[in-house]
Amino acid sequence: MTVSGESSKSPNLRLAILILAAGEGSRLGGYPKALLKKDGDSLLKHFVQSIQTLEPLETLIVTGFYSDQIEAEIKLIKQFVASPITWVKNLQPELGQASSVRLGLESLRSDYDVLTIALCDQPSIASTEIEALLGQFNQRAANQEIILPMVNGQRGNPVLFSRGVINQILSIPGMVCRPYMNEHPELVKSFTTDNKAYLMDVDTQSDIQKLGLDPI
């Protein structure tokens, strides 16, 4: 399968960011992970401010559970950043992350070349990690359209996708990224790295302590 005709190998890639922030945080006792704080600021604010150096065309945040609180935080963040930030609410977040991914893909509006799909609860992910994914994309083989970080044999996040692949995914009703990647491994470039930031996320109270976040 070839989709590379719809993507760019230029170093000056037009970047869009999709942030998934719709979860219930049930293992935290019911708490919005995007609003967990590090040094007094939310994880969402830390990440969005960090990626401003990449000048994204669009940052789209999918909310769901706790949408009112997260959307209020987004409105505050917008005052401190230059790039466009929008959000869309998943009205059925109980259907799981795949429903938020699909809604997010369908809601993107910018003329981007590549899309990074990020989680809201990875406190060590910042512009450096996204830049590394972009560098791998620029060094990919002709038919590689997805950059997947791999740390000690484990899949990491965020993942980078070409616009061509996203268009292919959207052309299939109900399709989302993970099963598409499984069906088309030839499109995936594994980015083997020792950077554990790609694996570290927050699920439990012990994770909050381990990752040095503010207590809740």
Side-chain angles (χ1 to χ4, degrees), residues 1-20 46-62 81-86 101-102 104-120 122-172 175-201:
M1 181 177 184
T2 301
V3 296
S4 57
E6 296 188 49
S7 63
S8 168
K9 294 190 76 169
S10 164
N12 299 315
L13 294 165
R14 294 171 296 178
L15 174 67
I17 306 278
L18 175 60
I19 303 173
L20 304 177
H46 276 288
F47 180 65
V48 170
Q49 287 190 315
S50 170
I51 61 176
Q52 293 308 297
T53 59
L54 304 175
E55 299 181 344
L57 289 184
E58 174 181 18
T59 299
L60 175 66
I61 301 163
V62 182
V81 299
S83 67
I85 304 174
T86 57
V101 172
R102 182 72 191 193
L105 297 183
E106 291 173 348
S107 302
L108 292 164
R109 295 292 178 262
S110 63
D111 187 21
Y112 62 91
D113 296 315
V114 290
L115 172 69
T116 294
I117 300 181
L119 308 179
C120 70
Q122 289 190 281
S124 299
I125 293 293
S127 59
T128 300
E129 285 69 34
I130 308 299
E131 285 174 351
L133 298 177
L134 291 167
Q136 290 292 312
F137 189 84
N138 280 320
Q139 300 167 24
R140 75 199 191 282
N143 198 40
Q144 293 176 321
E145 301 294 329
I146 301 167
I147 308 300
L148 172 65
M150 295 289 293
V151 184
N152 298 327
Q154 297 183 66
R155 290 186 182 216
N157 285 291
V159 181
L160 188 74
F161 300 86
S162 74
R163 177 68 175 270
V165 155
I166 297 301
N167 288 342
Q168 290 288 332
I169 292 170
L170 287 172
S171 73
I172 305 169
M175 180 59 75
V176 290
C177 300
R178 181 68 177 263
Y180 187 87
M181 293 165 66
N182 292 340
E183 291 178 15
H184 299 284
E186 75 281 0
L187 299 178
V188 180
K189 178 180 182 180
S190 293
F191 167 35
T192 302
T193 175
D194 294 327
N195 187 347
K196 294 182 180 179
Y198 293 108
L199 295 183
M200 294 188 295
D201 59 8

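Side chains are part of it too, since the values below use all heavy atoms of this structure and drop only hydrogens, waters and symmetry mates.
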Enquirer: Do other residues, nucleotides or ligands put more than 12 heavy atoms under 6.0 Å from Glu55 CD?
Expert: no
Enquirer: Please examine the side chains of Leu60 and Ile17, heavy atoms only from C-beta on, and report whether any two atoms are closer than 4.5 Å.
Expert: no
Enquirer: Which atom pair, heavy atoms only, marks the closest approach of Val151 to Asn195?
Expert: CG2-O, 3.4 Å
Enquirer: Can you sort out the partners of Arg178 under side chain to side chain donor-acceptor pair (under 3.5 Å), two or more places apart, ordered by chain and number?
Expert: none
Enquirer: Between Thr53 and Ser50, which heavy-atom pair has the shortest distance, and what is it?
Expert: OG1-O, 3.3 Å
Enquirer: Tell me the closest heavy-atom pair linking Arg102 and Leu170, and the distance in Å.
Expert: NH2-O, 3.1 Å
Enquirer: When you look at CG of Asp194, are more than 12 heavy atoms from neighbouring residues, nucleotides or ligands closer to it than 6.0 Å?
Expert: no
Enquirer: Got a sec, which residues hit side chain to side chain donor-acceptor pair (under 3.5 Å) with Gln122, two or more places apart in sequence or on another chain?
Expert: none
Enquirer: Any cation-pi pair here, Arg14 with Tyr112, using under 6.0 Å and within 45°?
Expert: no
Enquirer: Under 4.5 Å between any side-chain heavy atoms of Leu57 and Ser83, yes or no?
Expert: no
Enquirer: How long is the gap from CD on Glu131 to CG on Leu15, to the nearest 0.5 Å?
Expert: 10.5 Å
Enquirer: Under a 4.5 Å cut-off applied to non-hydrogen side-chain atoms, are Val101 and Leu20 in contact?
Expert: yes
Enquirer: Is any side-chain heavy atom of Thr59 closer than 4.5 Å to one of Pro84?
Expert: no
Enquirer: Out of curiosity, Ile61 CD1 to Ser107 OG, how far, rounded to the nearest 0.5 Å?
Expert: 12.5 Å
Enquirer: Looking at residues at least two apart in the chain, or sitting in another chain, which of them share a side chain to side chain donor-acceptor pair (under 3.5 Å) with Ser110?
Expert: Glu58
Enquirer: Hey, which of Leu148, Thr116, Ile117, Ile130 is the one that makes side-chain contact (heavy atoms from CB on, under 4.5 Å) with Leu160?
Expert: Thr116
